[in-house]
Amino acid sequence: MSPQEQINLLKERTEVFHGEAELLERLQSGKRLRVKLGVDPTRPDLTFGHMVVLNKLRQFQDLGHQAILIIGDFTTRIGDPSGRSVARPILSEEEIAHNAATYLDQAYKILDPDKTEVRRNSEWFGEMSFLDALSLSRQMTVARMLERDDFAKRYASKTPISLIEFLYPLLQGHDSVRLESDVELGGSDQIFNMLVGRNLQKDANLPEQAVIAMPLLVGLDGERKMSKSFDNYIAFNHSAKDMFGRIMSIPDATMWVYYRYLLEMSDADIAKRQELHPMEAKKQLAATMVARFYSLETAAHEREQFEKVFSKNEVRDDMPEFTWDKLLPEAQEATLVDLLAATALPAFSSKKEIRRLIEQGAIRMNGEKITEPSMRLVRPLAETVIQAGKRTFLKLTDA
RNA sequence: GGUGGGGUAACCAAGUGGCUAAAGGAUGCGGACUGUAAAUCCGCCGGGCUGCGCCCUUCGGGGGUUCGAAUCCCUCCCCCACCA
């Protein structure tokens with residue numbers, strides 16, 4: 001692919017693309033690009049929000065370029081200033097190693113491991129002296145810092161800004177100097193920090209990195225950005241069932257955003273999809289994503305199960321099984337409430353909650369609605385399928 | 001260092017002596033309906049119990065006043081803002 005074609009492709013779906021001209025030159029010189037992405041070792045769970053950036057990184061890899069993941073193990077020790085309400089716990093070596101490994105496992109669902117280099121920024125920060133740190137901070141001015149939009153706003157509204165927050169972008173930028181990255185990728189909340197990297201590289205007489213910011217993906221509610229703290233996310237590690245179901249729960253309008261950023265579908269293809277029935281389009285989205293993280297078979301299975309439960313009002317084929325022996329080994333008879341409570345399933349968080357479910361007509365045994373909260377069961381028990389609402393199913397056997 | 005504001009259900013936020021397990025909102029859950037775990041409507045939403053009634057725990061921690069406190073007093077802890 002020609003350099004210009006590469007640029008055109010790489011530009012797709014980005015929110016910000018700085019340094020296009022220099023990047024083109026470098027491509028024309030035949031250079032294999034070094035593309036950097038920072039990783040936060042305090043949060044090992046990747047969500048579909050991360051996928052937007054990872055997809056872009058993968059695109060670079062597919063074009064033959066080198067991806068570099070930076071584990072911010074040093075920066076973690078300082079604590080990310082944006083989460084300043086609560087001091088972040090300092091992670092131990094082991095925790096960082098563990099989180100990094102977990103992170104990589106997930107990231108490799110998208111990235112090509114063979115074209116990925118993993119680095120820790122303690123490599124260089126660990127040996128820097130205070131003097132080094134001071135000379136690093138000389139490369140930034142307060143005025144330049146205050147250009148940053150969120151700092152400017154906070155300063156104007158007299159919300160405190162700690163000095164360390166000023167330092168943070170410098171650290172991130174210094175990573176770029178050390179790695180001599182040609183491109184830095186990130187979410188659009190990272191734009192400023194990434195631009196600082198450009199400045200520092202320039203001061204170090206290095207070619208400046210291009211800065212590519214991807215939009216922040218909207219969450220399941222279709223309004224706020226996807227984030228764990230809003231609980232509106234889908235994680236790489238969600239089960240196939242949950243992944244499928246969660247996608248089905250997004251508002252119709254949001255699914256097109258997902259088609260665009262998660263499946264990287266072209267506008268033309270999206271337009272075609274929009275002719276489908278919205279439910280069908282959403283099912284296809286859900287199935288494609290599940291296939292990506294699990295398999296085609298799993299995706300087909302989940303789609304089938306979903307239709308069974310929600311369209312036909314039937315019961316799932318696969319459900320957890322419990323035996324009376326394990327639940328209540330001593331008892332020869334028990335109330336339904338006690339048995340369900342013993343399963344410890346999330347839907348049965350307390351006995352009160354289970355009674356509530358029964359009172360609301362949510363519990364079915366072998367398809368029959370139970371209305372009596374004090375219902376008792378006696379051993380031996382024939383195999384019984386219990387359903388609580390639309391999402392919780394279990395099979396109960398005697399032993 | 002000074003001044004002022006604040007800590008309420010594991011989220012936001014009312015409530016300043018009893019009728020407060022504590023308004024309202026958000027989230028969540030259930031039901032109905034449907035084109036989906038979309039939308040809409042209705043209901044539930046601290047826990048326990050031989051349940052429509054009783055018991056236990058809860059309003060930053062501790063102590064006190066009172067027949068009775070989230071609400072008053074004392075004390076301690078923590079957060080925030082403004083001024084230095």
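All heavy atoms count here, side chains included; hydrogens, waters and symmetry mates do not.
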Query raised in the report: Expressed in angstrom and rounded to an integer, what is the separation of Gln305(A) atom CD from A37(B) atom P?
Result: 15 Å
Report task. Quick one: list whatever passes side chain to side chain contact (heavy atoms under 4.5 Å, CB included) with Phe393(A), sequence neighbours left out. Result -> Val309(A), Val315(A), Arg316(A), Met319(A), Gln387(A)
**Report entry** Distance, P atom - from U71(B) to A9(B), rounded to whole angstrom
**Finding:** 14 Å
Query raised in the report: Using atom P of each nucleotide, how far apart are A84(B) and C79(B) to the nearest Å?
Result: 23 Å
**Report entry** G47(B) OP1/OP2 closer than 4.0 Å to side-chain N/O of Arg355(A)
**Finding:** no
Requested in this report: Using atom CD1 of Ile363(A) as one end and atom P of G31(B) as the other, report the distance to the nearest whole Å.
Outcome: 9 Å
Requested in this report: Give the nucleotide from the list G51(B), G35(B), C29(B) with an atom nearest to the side chain of Ser374(A).
Outcome: G51(B)
Query raised in the report: Looking only at atom P, what distance separates G35(B) and C52(B), rounded to whole Å?
Result: 42 Å
**Report entry** Whole-Å P distance, A37(B) and C45(B)
**Finding:** 24 Å
Query raised in the report: Pro278(A) side chain: which of G35(B), G47(B), G51(B) is closest?
Result: G35(B)
Report summary line: Any strand, both distances under 3.5 Å, Watson-Crick or G-U wobble: U3(B) pairs with A81(B)
Report task. Specify the residue among Ser249(A) and Ala388(A) whose closest nucleotide of RNA chain B lies further upstream toward the 5′ end. Result -> Ala388(A)
Query raised in the report: Less than 4.0 Å between a side-chain N and a carboxylate O, is that true for Glu359(A) and Arg356(A)?
Result: no
Query raised in the report: Nearest-Å distance, CZ (Phe306(A)) to P (G35(B))?
Result: 14 Å
Query raised in the report: Within the structure shown, what part of the strands sits under 4.0 Å from Gly245(A) by heavy-atom distance: base, sugar-phosphate, or nothing?
Result: base
Query - Test: Arg303(A) and Glu280(A) ion pair at under 4.0 Å - result: yes
Query raised in the report: Does any N or O donor sit under 3.5 Å from an N or O acceptor when you compare the side chain of Glu353(A) with the base of G46(B)?
Result: no
Report summary line: When rounded to whole Å, the CD to P distance for the pair Glu223(A) and G25(B) reads 17 Å
**Report entry** Arg391(A) CZ to G31(B) C1', straight-line distance once rounded to whole Å
**Finding:** 14 Å
Report task. Taking only the side-chain heavy atoms of Lys351(A) (C-beta and beyond), determine which of G48(B), U36(B), A37(B) contains the nearest atom. Result -> G48(B)
Query raised in the report: What nucleic acid atoms does Glu359(A) come within less than 4.0 Å of, heavy atoms only: base, sugar-phosphate, or nothing?
Result: base
Report task. Pick the C1' atom in U16(B) and in G6(B), then give their distance to the nearest Å. Result -> 15 Å
Query raised in the report: Nearest-Å distance, CG (Leu340(A)) to C1' (G48(B))?
Result: 17 Å
Query - Whole-angstrom distance between G4(B) and U58(B), as gauged at atom C1' - result: 30 Å
**Report entry** Carboxylate-amine/guanidinium proximity below 4.0 Å for Arg273(A) and Asp269(A)
**Finding:** no
Query raised in the report: Ignoring hydrogens and angles, does a donor from either the side chain of Gln360(A) or the base of G31(B) sit under 3.5 Å from an acceptor on the other?
Result: no
Query raised in the report: Would one find a side-chain N or O of Arg316(A) under 4.0 angstrom from OP1 or OP2 of A37(B)?
Result: no
Query raised in the report: U36(B) C1' sits how many Å from Lys308(A) NZ, rounded?
Result: 18 Å
Query raised in the report: So what does Pro251(A) touch, heavy atoms closer than 4.0 Å: a base, only the sugar-phosphate, or nothing?
Result: sugar-phosphate
Query raised in the report: With sugar-phosphate meaning primed atoms plus P, OP1 and OP2, does Thr254(A) contact a base, only sugar-phosphate, or nothing at under 4.0 Å between heavy atoms?
Result: nothing
Report task. Give one of base, sugar-phosphate or nothing for Lys283(A), where a contact means two heavy atoms less than 4.0 Å apart. Result -> nothing
Query raised in the report: Looking at A37(B), does its base get a donor-acceptor pair with the side chain of Arg246(A) below 3.5 Å?
Result: no
Query raised in the report: Got a sec, which hydrophobics cluster with Phe130(A), joining ILVMFWY side chains under 4.5 Å apart, including via others?
Result: Leu134(A)
Requested in this report: Please state the P separation for the pair U8(B) and C80(B) - nearest whole angstrom.
Outcome: 14 Å
Query raised in the report: Quantified in whole Å, what is the C1' atom distance between nucleotide A70(B) and nucleotide A14(B)?
Result: 12 Å
Query raised in the report: Whom does C67(B) pair with, Watson-Crick or G-U wobble, provided both distances fall under 3.5 Å?
Result: G18(B)
**Report entry** Residue closer to the 5' end of RNA chain B, Lys369(A) versus Asp252(A) (nearest nucleotide)
**Finding:** Lys369(A)
Query - Trp324(A) side chain near Leu396(A) side chain, heavy-atom distance below 4.5 Å - result: no
Query raised in the report: So, Arg178(A) and Glu123(A), do they make that salt bridge, N to O below 4.0 Å?
Result: no
**Report entry** Side-chain N,O (Ser350(A)) to OP1/OP2 (G48(B)) below 4.0 Å
**Finding:** yes
Report task. Inspect the contact between Arg119(A) and Asp175(A) and indicate whether a charged nitrogen and a carboxylate oxygen are less than 4.0 angstrom apart. Result -> no
Query - d(OH, Tyr258(A); C1', A37(B)) in whole Å - result: 14 Å
